[in-house]
Amino acid sequence: MPRLQSVSYAVPLTALLLASPAAVTAAEPVFTLGTVSVTGTRVSVGELPLEQVGSTVTRSEMLQFGRETVGDAVNLLPGITVSNNQRNELLVFLRGYDARQVPLFIDGVPVYVPFDGFVDFNRFSTYDVAAIQVAKGFSSVAYGPNAMGGAINVVTRRPQRALEGDAFLGIGSGRDRQAGANIGTRQGAWYGQLGLSYRDAEGFRMSKDFQPTPTEDGGLRNNSDRRDSKLSFKLGFTPRAGDEYAIAYNRQDGRKGQPPTVGTSGIRFWRWPYWDKESLYFISSTALTPTETLKTRLYTDRFDNEVTSYTDATYTTLRTSGMGSVATGRSIYHDRTLGGGIELESRRLAGHVLRLVLQQRGDEHEEVDANAVRGALYEDTLRTVGIEDMITLAPAWQLALGAARHELRPDVVFSTSSAYSLPPASRATNLQAGLFHDLSAGSRVYATLARKTRLPTLRDRYSQRLGSYVENPALGPERSTNLEFGYLGQVLSSLAMEAAVFRTEADDRIQAVFVAGGTSCSAATRCQVRNVGRTRVTGLELGLRATPAAGLEFGGSVTLMEQKNLVSPEVRSLGVPDRKLFGYARWQPVAGWSLQATAEHNSSRWASNTVSVPGHTVLGLRLGWEPAPGWHLSVAGENLRDRNYALDAGYPAPGRQFSARLRHEF
């Protein structure tokens, strides 16, 4: 691991400035049913259980750093890096794995696009979020299939008082306007929570250092506008101690532009007139006996979106060349998910917390064109059977064991561009073990080993990608072996730390290969997705938070990785830098006032097998004022040096940005 030589200078810097804001979990108004934990400790209502291996971003930290989307919030943590893609989506990577291998959950319910397994982390706001749990490598079997590198679980808010809530108004560069409100009530045996938010922006401003190109003249980024609205509602019932039943509804409506590349090839003039997601789920926990608990999750999710393709930057004339739905200039997707699961937990055996997990979900993806003609319909069923046991070996020692069997069964395969029989089912087995030792009430060391898998998506198996790929319906799962040693805890009363060294080796990686030679995937030299890859990622993560004096706080994180493709060295790991450093310093000179400075550095990353994106460092400053109890005003600047940088080749990031927000809590 040559990159680890950087530790010699990174550790002292970390001790002063860098680290995870989640080294210690704080009590928050958390929806307890929505948490997923592999610990053997019972948690009180409103208390967030600490994952055996993982990190947490609390609501107070999201507010402290002004993180308004789930992607920006988890970027505070070690091991996490973010990027974007040609579709103007925010991508999150955990130790080099993307959302297909580290799925997103809301209150333990999976949230993803069934077709390709991705999600746009820019579309999920944090306005109604209590905490975000990030499990790394070793994660509970309750997360179900495809948690090959871990899982990200968004836990929503849960009221504690008869009346509580907050409201905010915000403005920012690029005519960014935001508003939202959350209100909750707890009335004896029932509670309710309602959240509303709205955001509208004309786009983002580019750095003054950017040199205009034929597709971008500088100033306000072309076609970078966005509009998002969100409604969330939760109603819960707690008839007796240990029992809780809740039904929740979330609706997100969005639209966005897609900025064209500033390069000279692959230019697309696309818009997304709607990006709408609607979810309804029921979660319950019932104490069957003093030692057995039954938990259920039932959910349905629908996702509708449209991509409209134009001939040029005027965005007036539809582009009607190509194949399939693209030939009409409008590509319309309808995705549906229906699923559920049960968890039976038993503490009947002394020193054991046994959990049996059964899950099933059905995914459906439909493509239609502007004339409502169906171009494709795919349906899958995924099933999981899992068991895990948390064994107390001694008062300070715990052993966690887990196993799961996953099955992906194709149910419907229809495409106007291809004809083939229904492919066979694909199956995968996960095994894991973790040993945990509590050095004290607030610190722990651990060692974990997990053999995880990811089943191929519909896009992996069936997409022709505008005629440049050959389908592979029989594509199998990819597999990883995750090994980790770490420490998490309170080193001193004023110093919290988390540290981990890890090694992940994946085989049968799903990777594109040329069918008959070539240098790029096209209609003339087509590619196919196959199980041919083998990769290795080794790394080190450090996180610290220090409060050396009253009103003074330092913290941040360091992530160092070495990424290798063991079979095809010329095939790069895309979008993930080898080094990421984040640091902050916060000063509260007097009551009601705070000043916070942040810095984030990312090393270079590969955008393709031959093109790399230079590294960058951005600085931020945030001023906070509480003029009266419950009132909070913040003014912030990001990328203060107005650096021209990018997370993906041809797609510059925002230049200097300013924002202000007024929030009232009651």
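- A donor-acceptor contact shorter than 3.5 Å is absent between the side chain of D335 and the backbone of V113.
- The distance between the ring centers of Y333 and F303 does not fall below 6.0 angstrom.
- When every heavy atom of N531 is checked against every heavy atom of D508, the shortest pair comes out as ND2-O, 3.0 Å.
- For E471 and Q464, the side-chain atoms include at least one donor-acceptor pair closer than 3.5 Å.
- Within the 4.5 Å cutoff, the side chain of L235 has heavy atoms near those of the W190 side chain.
- The two residues S139 and Q432 have their closest heavy-atom pair at O-NE2, 2.8 Å.
- Residues Q178 and Y127 bring a donor and an acceptor atom of their side chains to less than 3.5 Å of each other.
- E484 has a carboxylate O that lies under 4.0 Å from a charged side-chain N of R95, or vice versa, which qualifies the two as a salt bridge.
- Y143 and Q359 share no side-chain donor-acceptor pair at under 3.5 Å.
- The two residues L356 and G386 come nearest to each other via the heavy atoms CD1-O, 3.4 Å.
- Judged by distance alone, the side chain of T185 and the main-chain N or O of A162 form a donor-acceptor pair under 3.5 Å.
- With respect to the salt-bridge test (charged N to carboxylate O, under 4.0 angstrom), the residues R663 and E665 qualify.
- In terms of heavy atoms, L94 sits closest to A135 at CD2-O, 3.6 Å.
- Rounded to the nearest 0.5 Å, atoms CG (N305) and CG (D276) are 8.5 Å apart.
- Side chain to side chain, S284 and K295 fail the donor-acceptor criterion of an N or O pair below 3.5 Å.
- Between the side chain of T238 and the main chain of R240, no donor-acceptor pair closer than 3.5 Å is present.
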**Report entry** Step-by-step salt bridge (Lys or Arg N to Asp or Glu O under 4.0 Å) determination, E306 to R330
**Finding:** CA-CA 7 Å; E306 177 181 335; R330 297 173 60 195; 2.7 Å; yes

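- The closest donor-acceptor contact from the side chain of N85 to the backbone of E89 lies under 3.5 Å.
- The residues R461 and D380 are annotated as salt-bridged, a charged nitrogen and a carboxylate oxygen being separated by less than 4.0 angstrom.
- Side-chain atoms of D166 and H664 include no donor-acceptor pair closer than 3.5 Å.
- Here the CD-CG distance, from E68 to N122, works out to 10.5 Å after rounding to the nearest 0.5 Å.
- The closest side-chain donor-acceptor pair between T286 and Y245 falls under 3.5 angstrom.
- R451 and T481 are linked by a side-chain donor-acceptor pair at a separation below 3.5 angstrom, with hydrogens and angles left out of the test.
- Going from atom CD of E379 over to atom NE2 of H365 covers 11.5 Å, rounded to the nearest 0.5 Å.
- A salt bridge does not link E164 with R158: every distance from a Lys NZ or Arg NE/NH1/NH2 to an Asp or Glu carboxylate oxygen is 4.0 Å or more.
- Between L280 and D301 there is no side-chain heavy-atom pair separated by less than 4.5 Å.
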Requested in this report: List the steps and the verdict of side-chain contact (heavy atoms from CB on, under 4.5 Å) for N482 and K136.
Outcome: CA-CA 9 Å; N482 306 319; K136 305 175 183 179; over 6 Å; no

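- Under a 4.0 Å N-O distance rule, the pair D228/R226 qualifies as a salt bridge.
- Under 3.5 Å, the side chains of S55 and E498 contain a donor-acceptor pair of N or O atoms.
- A salt bridge is defined here as a Lys NZ or Arg NE, NH1 or NH2 lying under 4.0 Å from an Asp or Glu carboxylate O, and E292 with R348 meets this definition.
- K256 has a carboxylate O that lies under 4.0 Å from a charged side-chain N of D120, or vice versa, which qualifies the two as a salt bridge.
- Under the 3.5 Å distance criterion, the side-chain polar atoms of N430 are matched with a main-chain donor or acceptor of T453.
- D304 and R336 are joined by a salt bridge, as a carboxylate oxygen and a charged side-chain nitrogen come within less than 4.0 angstrom of each other.
- Judged by distance alone, the side chains of D107 and Y281 do bring a donor and an acceptor atom under 3.5 Å apart.
- There is no side-chain donor-acceptor pair under 3.5 Å between T308 and R271.
- Of all heavy-atom pairs spanning A189 and F237, the tightest one is O-CD1, 3.1 Å.
- In this structure, the side chain of E244 does not engage the main chain of G236 through any donor-acceptor pair within 3.5 Å.
- How far CG of L104 is from CZ of F118: 13.5 Å, rounded to the nearest 0.5 Å.
- A salt bridge links R454 with D460: the closest approach of a Lys/Arg side-chain nitrogen to an acidic carboxylate oxygen falls below 4.0 angstrom.
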Query raised in the report: Under the ring pair (Phe, Tyr, Trp, His ring centres under 6.0 Å) criterion, do Y378 and Y462 qualify, and how do the steps go?
Result: CA-CA 9 Å; Y378 306 112; Y462 305 121; 4.6 Å; yes

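- For the residue pair D116 / T457, no side-chain donor-acceptor distance below 3.5 Å is found, with atom types taken as modelled.
- Side-chain contact between R355 and S140: present, with at least one pair of heavy atoms (C-beta onward) separated by less than 4.5 Å.
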Query - Residues T429, R405; criterion side chain to side chain donor-acceptor pair (under 3.5 Å); working and verdict - result: CA-CA 5 Å; T429 300; R405 180 69 168 172; 2.6 Å; yes

Report task. Check the pair E478 / Q101 against side chain to side chain donor-acceptor pair (under 3.5 Å), numbers first and verdict last. Result -> CA-CA 10 Å; E478 55 184 7; Q101 296 120 350; 2.8 Å; yes

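- Expressed to the nearest 0.5 Å, how far OG of S426 lies from CG of L475 amounts to 8.0 Å.
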Report task. Run the numbers on I152 and V92 for side-chain contact (heavy atoms from CB on, under 4.5 Å), then give the verdict. Result -> CA-CA 10 Å; I152 299 173; V92 169; 4.0 Å; yes

Report task. Apply side-chain contact (heavy atoms from CB on, under 4.5 Å) to the pair V82 and L91, showing each step before the final yes or no. Result -> CA-CA 5 Å; V82 299; L91 308 179; over 6 Å; no

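- Residues R59 and T126 share a closest heavy-atom pair of NH1-O, 3.7 Å.
- For the pair R297 and F282, the cation-pi test (distance below 6.0 Å, angle within 45°) is failed.
- A side-chain N or O of W272 and one of Q258 form a donor-acceptor pair less than 3.5 Å apart.
- Annotation: the span from E367 atom CD to S417 atom OG amounts to 8.5 Å, rounded to 0.5 Å.
- A donor-acceptor contact closer than 3.5 angstrom is absent between the side chains of Y191 and Q160.
- Using a 4.0 Å cut-off between a side-chain N of Lys or Arg and a carboxylate O of Asp or Glu, R157 and D128 do not qualify as a salt bridge.
- No salt bridge links D253 with K230; every basic N to acidic carboxylate O contact stays at or beyond 4.0 Å.
- Residues E364 and L377 have side chains in contact (heavy-atom distance under 4.5 Å, counting atoms from C-beta outward).
- Under a 3.5 Å cut-off, the side chain of Q252 and the backbone N or O of R123 do form a donor-acceptor pair.
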Requested in this report: Take D72 and L90 through the test side-chain contact (heavy atoms from CB on, under 4.5 Å) and record every step on the way to the result.
Outcome: CA-CA 9 Å; D72 288 337; L90 181 67; 4.0 Å; yes

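- Between F124 and W275, the ring planes lie perpendicular to each other; the angle is over 60°, past the 30° to 60° tilted range.
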